[in-house]
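Okay, structure first, notes after.
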Amino acid sequence: MTPLDERLTGLWDSAPLEQGAMEASALVFLPDGRGWSRFESFSSELSVGRFHWSCPGPGLLELRYTWRVDGQWGPDADGFAAVDHSGPADELVRTGYRVDGGAPSPPGAGGAATLTLDHPVEFAHAFARQRRPVGPADDPSAAVVPYPPGPGTAPGS
């Protein structure tokens with residue numbers, strides 16, 4: 001079994017920590033070791049990379065990317081309005097990380113915990129925890145490439 005740090009599980013967003021930025025990044029860590037990163041810009045660029053995540057040592061995070069979708073988001077959509085590229089990815093990101101909570105937060109973070117990475121992921125080093133449940137259906141690339149059914153579930157369920 002690959003070690004996971006349960007403190008990472010959930011949605012992390014760079015936007016609350018980058019007031020006025022023209023782009024935002026987000027990371028989602030699901031409790032089963034899957035996840036995705038998201039980058040979107042004011043110019044309508046949208047990129048999603050799916051990964052498997054693990055914490056092979058204290059303060060060490062590995063993201064093994066398996067799929068990437070690049071395109072544009074639409075004004076009325078939370079996902080892709082157009083897809084320029086969709087295909088397998090083979091990238092390993094290894095970085096140190098720190099989760100801070102309870103200390104005063106940067107303006108706009110709303111007192112949320114922060115995740116700080118030694119190396120940027122989707123152009124961001126710092127992310128604020130967002131308090132809302134997330135699952136595979138929240139992945140903007142799920143409409144482009146559906147997730148396979150989980151073990152013990154029938155296709156289409």
Side-chain angles (χ1 to χ4, degrees), residues 1-18 21 23-57 59-74 76-99 112-157:
M1 182 93 181
T2 306
L4 303 175
D5 184 341
E6 292 177 1
R7 298 176 304 159
L8 295 176
T9 302
L11 170 62
W12 299 86
D13 191 353
S14 71
L17 305 174
E18 299 175 335
E23 57 269 326
S25 301
L27 295 171
V28 173
F29 300 100
L30 299 177
D32 64 1
R34 294 180 298 170
W36 64 90
S37 59
R38 175 181 177 147
F39 172 82
E40 61 185 78
S41 72
F42 182 73
S43 66
S44 81
E45 179 183 357
L46 177 60
S47 178
V48 174
R50 290 185 186 172
F51 55 74
H52 293 280
W53 67 281
S54 65
C55 301
L60 184 60
L61 174 63
E62 285 188 355
L63 309 176
R64 185 168 303 279
Y65 280 86
T66 59
W67 199 268
R68 177 132 338 243
V69 179
D70 299 304
Q72 292 84 41
W73 54 267
D76 298 326
D78 191 30
F80 287 90
V83 173
D84 298 328
H85 170 79
S86 177
D90 185 21
E91 177 186 0
L92 175 65
V93 174
R94 180 180 278 172
T95 183
Y97 74 95
R98 185 178 69 256
V99 176
T114 57
L115 169 64
T116 305
L117 305 176
D118 291 347
H119 302 289
V121 173
E122 301 297 357
F123 306 105
H125 284 276
F127 301 84
R129 178 182 297 284
Q130 301 300 296
R131 301 265 181 219
R132 73 173 180 86
V134 289
D138 296 305
D139 175 352
S141 71
V144 178
V145 179
Y147 279 86
T153 59
S157 63

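- For the residue pair D84 and G71, the shortest heavy atom distance occurs at OD2-CA, 3.6 Å.
- Put simply, the side chain of L4 does not reach to within 4.5 Å of the side chain of F29, judged on heavy atoms.
- For the pair W12 (side chain) and A126 (backbone), a donor-acceptor distance under 3.5 Å is absent.
- When atom types are taken as modelled, the side chain of H85 and the backbone of V69 share no donor-acceptor pair closer than 3.5 angstrom.
- Between F127 and E122 there is no side-chain heavy-atom pair separated by less than 4.5 Å.
- W53 places a side-chain N or O within 3.5 Å of a backbone atom of L30 that can act as its donor or acceptor partner.
- Summarising the geometry, atom CG belonging to L115 is positioned 11.5 Å from atom CG belonging to D13; distances are rounded to the nearest 0.5 Å.
- Between H52 and R34 the shortest side-chain heavy-atom distance falls below 4.5 Å.
- Rounding to the nearest 0.5 angstrom, the gap separating the CZ atom in R68 from the CZ atom in F51 is 10.0 Å.
- The minimum heavy-atom distance between P140 and G79, with the atom names listed, is CB-CA, 4.0 Å.
- The OG1 atom of T95 sits 8.0 Å away from atom CG of L60, with the distance rounded to the nearest 0.5 Å.
- The closest side-chain heavy-atom distance from L8 to Y97 is below 4.5 Å.
- For the pair D139/V48, a side-chain contact is recorded, criterion being any heavy-atom separation below 4.5 Å from C-beta on.
- The line from OH of Y65 to CG of D90 is 13.0 Å long, rounded to the nearest 0.5 Å.
- Taking CD from E18 and CZ from F123, the interatomic distance works out to 12.0 Å, rounded to the nearest 0.5 Å.
- A donor-acceptor pair is defined here as one N or O able to donate and one able to accept, closer than 3.5 Å; such a pair exists between the side chain of D138 and the backbone of G135.
- Pairing each heavy atom of A142 with each of P136, the nearest pair is CB-O, 3.7 Å.
- Note: E40 CD to S25 OG = 8.5 Å, rounded to the nearest 0.5 Å.
- Crowding of R64 atom CZ: a count of heavy atoms from other residues, nucleotides or ligands under 6.0 Å not exceeding 12.
- Between L117 and A124, the closest heavy-atom pair is CD1-O, 4.4 Å.
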> Going through the distances and angles, do S86 and V145 end up as a side chain to side chain contact (heavy atoms under 4.5 Å, CB included)?
Replying inline: CA-CA 8 Å; S86 177; V145 179; 3.6 Å; yes
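- In this structure, R129 contributes its side chain and V99 its backbone to no donor-acceptor pair below 3.5 Å.
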>> With side chain to side chain contact (heavy atoms under 4.5 Å, CB included) as the criterion, how do V93 and H119 come out once you've worked through the C-alpha distance, each side chain's angles and the decisive distance to 0.1 Å?
In response: CA-CA 9 Å; V93 174; H119 302 289; 5.7 Å; no
